[in-house]
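Have a look at the structure below, then the notes.
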2 protein chains.
Amino acid sequence: MYGRHQWRRRFRANACRWTAPRESILDLLGRTRGHLSAKDIYLSLQPTFPGLGLATVYRTLELLHRLGIVQKVTSSDGQGRYQLRSVDQQDHHHHLICSRCGLIVDYRDFVREELELVKKTEDALAKKYNFVIQDHSIEFLGLCEKCR
Amino acid sequence: MYGRHQWRRRFRANACRWTAPRESILDLLGRTRGHLSAKDIYLSLQPTFPGLGLATVYRTLELLHRLGIVQKVTSSDGQGRYQLRSVDQQDHHHHLICSRCGLIVDYRDFVREELELVKKTEDALAKKYNFVIQDHSIEFLGLCEKCR
DNA sequence: GCTATTAATGATAACCATTATCATTATCAA
DNA sequence: TTGATAATGATAATGGTTATCATTAATAGC
Ligand SMILES: [Mn+2]
Ligand SMILES: [Mn+2]
Ligand SMILES: [Zn+2]
Ligand SMILES: [Zn+2]
């Protein structure tokens, strides 16, 4: 992944300051596989960073999302969950979500085919509807093993 | 679309009663093109159905969603928005969403190709991850004409 | 290294969509 | 017609997110 220096440079380039809360949140996201809510992050960092405020977690996540560093998924319970976007394209993935318990599974099967179609669709839609397309979301909803 | 009799039969089949609030909400959804929030519906029906409660709107929308009659989109502001699912398959569509103003555009271009891939992916994912897949969501996020 | 500027923070209150509660009403099978 | 109970409406409660504001800390310029 990225190191402190690279993050710092990236923040600098966007006129954003490199601060302790931002570093610790990025660090946590970097060593977590799943999708974390603001509260997850707040609670996880409590022991090592007792002073951290929940509002700062929200602000940081919104910033990271705006910079495209983090991917946001609105989980079925309406809660936002965040995951660091991998640097390499190969890691691009889509989601399989359990509508009962909210489990989010990252899948990478067929993503290549999906992305080909996405690219084609994106171009056509941008032209037809006069949109600047920034991102896409492909999700399958269902019941996981435990919930069915 | 459906008529009262058919809705009534469908409700009956699911052990649900056919009531005035449900009829009026279905009626409104039936003659609306866009994606309505609970409050939109509540306010729209206020003149012709002053007694209607907001909680009932939520309950009805959840029921309609559970029965697959209505499609739910979680808009960028975190608010749920609902649209009647068309009876004929031909009308199946996906969404183009403005991340600034929340505009939702239904698009039907490429949906056939998308659905072919969706079907293939669905089968493989169901097997691999042991999911029962109920639905899918394909969205493109960007900036609309006005917001860019 | 200082210092001034001002972005960022943390505590807290406010917001607001959604859900829970509960007494009352209306549906519908028998 | 009637009894069982699903559904409703008013309202309170919930809970995630955002706004406010005084304080702190990061950065650029000297
Ligand atoms: Mn993911
Ligand atoms: Mn739609
Ligand atoms: Zn589950
Ligand atoms: Zn817009």
Side-chain angles (χ1 to χ4, degrees), chain A residues 4-5 7-26 35-46 48-67 69-70 72-82 99-100 102, chain B residues 4-5 7-26 35-46 48-67 69-70 72-82 99-100 102:
Chain A
R4 281 152 204 75
H5 309 316
W7 284 129
R8 190 165 180 162
R9 204 183 318 145
R10 184 148 178 199
F11 273 63
R12 204 74 70 74
N14 286 89
C16 295
R17 295 178 181 177
W18 181 247
T19 67
R22 289 174 179 178
E23 175 166 356
S24 67
I25 290 169
L26 266 171
H35 303 75
L36 301 178
S37 69
K39 196 191 260 180
D40 288 340
I41 293 172
Y42 175 71
L43 293 177
S44 288
L45 294 178
Q46 207 63 8
T48 62
F49 197 154
L52 180 66
L54 181 57
T56 298
V57 176
Y58 276 104
R59 283 186 290 235
T60 301
L61 288 172
E62 199 227 312
L63 172 65
L64 295 177
H65 183 238
R66 184 156 46 80
L67 297 182
I69 291 171
V70 127
K72 181 178 181 180
V73 183
T74 301
S75 129
S76 54
D77 56 0
Q79 196 170 179
R81 298 189 160 272
Y82 302 81
S99 53
R100 175 87 62 82
Chain B
R4 281 153 203 74
H5 309 317
W7 285 129
R8 190 165 182 162
R9 204 182 318 144
R10 184 146 176 199
F11 273 62
R12 203 75 70 75
N14 286 89
C16 295
R17 295 179 181 175
W18 182 245
T19 67
R22 290 174 178 176
E23 175 166 357
S24 67
I25 290 170
L26 267 171
H35 304 75
L36 302 177
S37 69
K39 195 191 262 180
D40 288 340
I41 293 172
Y42 175 70
L43 292 176
S44 288
L45 294 178
Q46 207 62 11
T48 61
F49 196 154
L52 180 65
L54 182 56
T56 299
V57 176
Y58 276 104
R59 283 186 290 236
T60 301
L61 288 173
E62 200 227 311
L63 172 65
L64 295 178
H65 183 238
R66 185 157 45 80
L67 296 182
I69 291 171
V70 127
K72 180 179 181 180
V73 183
T74 302
S75 132
S76 54
D77 58 0
Q79 199 172 176
R81 298 188 160 274
Y82 302 81
S99 53
R100 175 87 62 81

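By convention in this document, chain letters (A, B, ...) are assigned in the order of the sequence lines, proteins followed by strands, and residues within each chain are numbered from 1. Because the structure is a prediction, the values reported are computed rather than measured.
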Just the atom pairs and distances: protein N or O near nucleotides 26-28 of chain D's N or O, under 3.5 Å.
from	atom 1	to	atom 2	distance (Å)
D/dA26	N3	A/R17	NH1	3.2
D/dT27	OP1	A/W18	N	2.9
D/dT27	OP2	A/R8	NH2	3.2

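B/F49 places its CZ atom 11 Å from the C1' atom of C/dA26, with the value rounded to the nearest Å. Look at CG on B/L26: it is 15 Å from C1' on D/dA7, rounded to the nearest Å. C/dA8 atom P lies 12 Å from atom CD of A/E62, rounded to whole Å. Atom CG in A/L52 sits roughly 15 Å away from atom C1' in C/dT12 (whole-Å rounding). A/R59 has its CZ atom 15 Å from the P atom of D/dA25, to the nearest Å. Rounded to whole Å, the distance from CG on A/N14 to C1' on C/dA8 is 16 Å. Atom P of nucleotide C/dA8 and atom CD of A/E23 are separated by 16 Å, given to the nearest angstrom. Rounded to whole Å, atom P of C/dA8 lies 7 Å from atom CG of A/L63.
Atom-to-atom distance recorded for B/Q79:CD and B/S37:OG is 4.5 Å, nearest 0.5 angstrom. Here A/Y82 contributes atom OH and A/I69 contributes atom CD1; the two are 14.0 Å apart, rounded to the nearest 0.5 Å.
Take A/T56 and apply the side chain to side chain contact (heavy atoms under 4.5 Å, CB included) test, not counting sequence neighbours, and it matches A/P21, A/L52, A/R59, A/T60. Judged as a ring-ring contact (aromatic ring centres under 6.0 Å, His included), and not counting sequence neighbours, the contacts of A/F11 are A/W18. For A/R100, the side chain to side chain contact (heavy atoms under 4.5 Å, CB included) test picks out A/C98, A/L143, A/C147, with sequence neighbours left out.
In this structure, B/L63 and B/C16 have side chains that are in contact, with non-hydrogen atoms separated by less than 4.5 Å. Side chains of B/Y58 and B/E62 form no contact here, defined as non-hydrogen atoms less than 4.5 Å apart.
Counted within 6.0 Å of CZ on A/R4, heavy atoms from surrounding residues, nucleotides or ligands total 12 or fewer; the atom is thus considered open.
Within the 3.5 Å criterion, the main-chain N or O of A/L67 finds a donor-acceptor partner in the side chain of A/R10. In terms of modelled atom types and a separation under 3.5 Å, the side chain of B/R81 and the main chain of B/S75 share no donor-acceptor contact.
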field: B/S/- contact track for nucleotides 11-17 of chain D, protein heavy atom under 4.0 Å
entry: -----SB
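Contacts of B/R22 with the nucleic acid, taken as non-hydrogen atoms under 4.0 Å apart, involve only primed sugar atoms and P, OP1 or OP2. Contacts of A/F11 with the nucleic acid, taken as non-hydrogen atoms under 4.0 Å apart, are absent.
Of the options B/D40, B/I41, B/L43, a side chain to side chain contact (heavy atoms under 4.5 Å, CB included) to B/V57 is made by B/I41 and by none of the others.
Taking five base pairs at each end of the helix from C/dG1-D/dC30 to C/dA30-D/dT1 and finding the rotation axis that steps the C1' atoms of four pairs onto the next four gives two axes whose angle is 50°, to the nearest 10°.
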